[in-house]
There are 2 protein chains.
Amino acid sequence: MEMKDINILLAEDDKNLGTVLKAYLDAKKFNTTLKVNGKEAYDEFIKGNYDFLILDVMMPVKDGFTLAAEIRETDKETPILFLTAKSLPEDKMKGFKLGADDYLTKPFSMEELLARIEAILRRTQAHKTPVNKEFFTIGKFSFDVTRHILSADGESQKLTSKEAELLKMLCANKNETLDRSEALKHIWHDDSYFNARSMDVYVTKLRKYLKSDPTIEILNVHGVGFKLITE
Amino acid sequence: MEMKDINILLAEDDKNLGTVLKAYLDAKKFNTTLKVNGKEAYDEFIKGNYDFLILDVMMPVKDGFTLAAEIRETDKETPILFLTAKSLPEDKMKGFKLGADDYLTKPFSMEELLARIEAILRRTQAHKTPVNKEFFTIGKFSFDVTRHILSADGESQKLTSKEAELLKMLCANKNETLDRSEALKHIWHDDSYFNARSMDVYVTKLRKYLKSDPTIEILNVHGVGFKLITE
DNA sequence: AATAAGCGTTAAAGAAAGTTAAAGCCTTAT
DNA sequence: ATAAGGCTTTAACTTTCTTTAACGCTTATT
């Protein structure tokens, strides 16, 4: 499965486990934020734009169950997976009653955790964006993401997979900076020097395609990435 | 949640466990059908309109993994929960890789099973569209999977088995990329260079069959696979 | 200002895919 | 047993897509 821009909020008070988990999930192309108690996690959840919550149950200041209950007061959608040493049946049932999607007891394998996260995301992410009807307007151009077609003035240009993916990411971040490393991780699956050069070549190609509309610009943000500018 | 219209297909060869589970689930307002092996369960799944599958892994005639794989060939939606005595990590991973939503090892509590089923249904029931697993519509074409017949405008084209299998996989992944290696492993049983070339030949054939509808497209995703695009 | 790192662009090399035709390989009928 | 026919694979050639390399320019750092 392609794990593009999934933001995971991980609440775990065991620093060791937390760090290891975050490293593992980030390596699997997620974007993980680690908080060490329920209160911090709640504050982070409120401001952030999270797609998945992994909550330890026993934490200082505010435990995972309380945290989940607070979150579910306003948010019924974001998936919750409890991660805990408590394996009592009553606890499990409490977790599910609070609206959890899964409940994993320690010790567990990272692979299983990943598999369970992906199983849940398969269900939730698919419906988030009404699948594959993606369409962007860039100045006088219209861009059919699924068909890889960029058209304007009655003319159509068929894009290659890489061109289309890059343009899609730029469009999704219209007028904001698209981090080079994000694009590389997502499209090239590896943030390396040579892939970065390859990306530069693609930026040039996209600029050529778009140059007939002078209001459009793919701006370089030195050392950071690129920004697609349109009004 | 009101459960009385939820149809569960339960495949379990242990008569005792099967009967007890069915009774429990029916008491919880589900509508449960019990089959004692993978083959019977598959036949039942094909004709029925099921919302949830509970599959034992070890069963005579056809095991649960094989059954799940067959079902997932044409149906990516219906939730699958594996119920098994096999608790080896590799088995769990295999289950999830096959597209399972959950994996519960025996012995388990009925309450936990119920909680897990409900957690999954919460995600899936909201947006479900019942589809016929043996029949696909592709633009103006209709494709009878079992009979290998592709028809449109009153004309029918009989497909060869390889053509039909490939088209089936493309349909099951409509508007998503079908990985080349997945198709090769599944249809050719070996992901090799020469089979890949053979697959290319079949893609050309399918494109010819489908070309009379310009809204249909089999798009190549370079280095990854193919994507069947329809409106 | 000197230096290094980052970017823009073009061209060429390399890898993957599109297509067509012919060769293999089964199955079935004679 | 052999020939015919349909299906699948192999082969060869063509086209397209992606990466690498090269060179010049720009931006940050000191």
Side-chain angles (χ1 to χ4, degrees), chain A residues 145 147-150 156-170 177-212 214 216-229, chain B residues 147-150 156-170 177-211 214 216-229:
Chain A
V145 178
R147 288 176 188 273
H148 296 182
I149 290 172
L150 181 68
S156 291
Q157 170 67 47
K158 179 120 198 221
L159 303 185
T160 73
S161 318
K162 284 250 147 68
E163 288 166 356
E165 285 186 88
L166 182 55
L167 185 53
K168 176 181 163 186
M169 286 196 83
L170 285 166
T177 303
L178 167 65
D179 273 29
R180 196 182 198 104
S181 66
E182 288 238 354
L184 286 173
K185 272 203 287 186
H186 184 241
I187 303 175
W188 278 265
H189 309 110
D190 180 26
D191 179 351
S192 75
Y193 169 77
F194 283 108
N195 286 337
R197 296 322 324 274
S198 192
M199 180 173 164
D200 288 332
V201 172
Y202 278 92
V203 169
T204 298
K205 287 176 194 219
L206 292 180
R207 281 179 179 141
K208 246 179 213 159
Y209 292 141
L210 298 168
K211 73 161 178 280
S212 70
I216 304 169
E217 200 178 352
I218 300 179
L219 198 74
N220 172 252
V221 182
H222 197 94
V224 184
F226 295 90
K227 187 154 63 162
L228 174 68
I229 299 179
Chain B
R147 292 174 183 281
H148 295 185
I149 289 172
L150 181 68
S156 291
Q157 169 68 46
K158 178 112 203 276
L159 303 186
T160 72
S161 36
K162 281 253 148 61
E163 288 166 356
E165 284 187 271
L166 183 54
L167 186 54
K168 175 170 92 172
M169 287 195 83
L170 284 166
T177 303
L178 167 65
D179 274 29
R180 202 187 193 99
S181 64
E182 270 204 42
L184 286 173
K185 274 190 283 191
H186 190 258
I187 303 175
W188 278 265
H189 309 108
D190 178 27
D191 178 352
S192 75
Y193 170 78
F194 284 107
N195 286 336
R197 297 322 324 274
S198 191
M199 180 173 165
D200 287 333
V201 172
Y202 278 92
V203 169
T204 298
K205 288 175 192 218
L206 292 181
R207 281 182 178 140
K208 251 180 208 155
Y209 291 141
L210 297 168
K211 75 161 177 281
I216 303 170
E217 199 178 352
I218 299 178
L219 194 78
N220 171 251
V221 182
H222 199 96
V224 183
F226 295 90
K227 187 157 70 160
L228 175 67
I229 300 177

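Residue numbers begin at 1 in each chain, while the letters A, B, ... track the order of the sequences.
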Quick check: on DNA chain D, is the nucleotide nearest S161(A) upstream (toward 5') of the one nearest Y202(B), or the reverse? Name the residue that is more 5'.
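Taking each residue's closest nucleotide, the earlier one in sequence belongs to Y202(B).
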What range of DNA chain D does chain A touch, first nucleotide to last, counting atoms under 4.0 Å from its heavy atoms?
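Footprint of chain A along DNA chain D, 5' to 3': dC17(D) to dT27(D).
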Does some side-chain heavy atom of [Y] sit less than 4.5 Å from a side-chain heavy atom of [X]?
{"X": "D179(A)", "Y": "V224(A)", "answer": "yes"}
{"X": "D191(B)", "Y": "M199(B)", "answer": "no"}
{"X": "L150(A)", "Y": "L210(A)", "answer": "yes"}
{"X": "I187(A)", "Y": "L166(A)", "answer": "yes"}

Could you state the atom-to-atom distance from CG of L206(B) to P of dG18(C) in whole Å?
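Going from CG in L206(B) over to P in dG18(C) covers 12 Å.
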Could you tell me how far apart D179(B) (CG) and dA17(C) (P) are, to the nearest whole angstrom?
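It works out to 11 Å between those atoms.
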When every nucleotide of nucleotides 6-16 of chain C is labelled 5' to 3' by its protein contacts under 4.0 Å (heavy atoms), B for base, S for sugar-phosphate only, - for none, what sequence of letters results?
SBBBB-----S
Take atom CZ in R147(B); do more than 12 heavy atoms of anything else shown fall under 6.0 Å from it?
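Check fails, neighbour count at 12 or below.
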N220(A) side, atom CG; T177(A) side, atom OG1 - distance, nearest 0.5 Å
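Nearest 0.5 Å value for the CG-OG1 distance: 9.5 Å.
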Summary of salt bridge (Lys or Arg N to Asp or Glu O under 4.0 Å) pairs that have at least one residue in residues 160-170 of chain B, sequence neighbours excluded
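Passing the test, one end in residues 160-170 of chain B: E73(B)-K168(B).
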Is it true that a side-chain atom of T204(B) and a backbone atom of D200(B) form a donor plus acceptor pair closer than 3.5 Å?
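Pair found, side chain donor or acceptor close to backbone of D200(B).
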Heavy atoms only, 4.0 Å cut-off, all strands: where does S198(B) land among base, sugar-phosphate and nothing?
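The residue S198(B) makes base contact.
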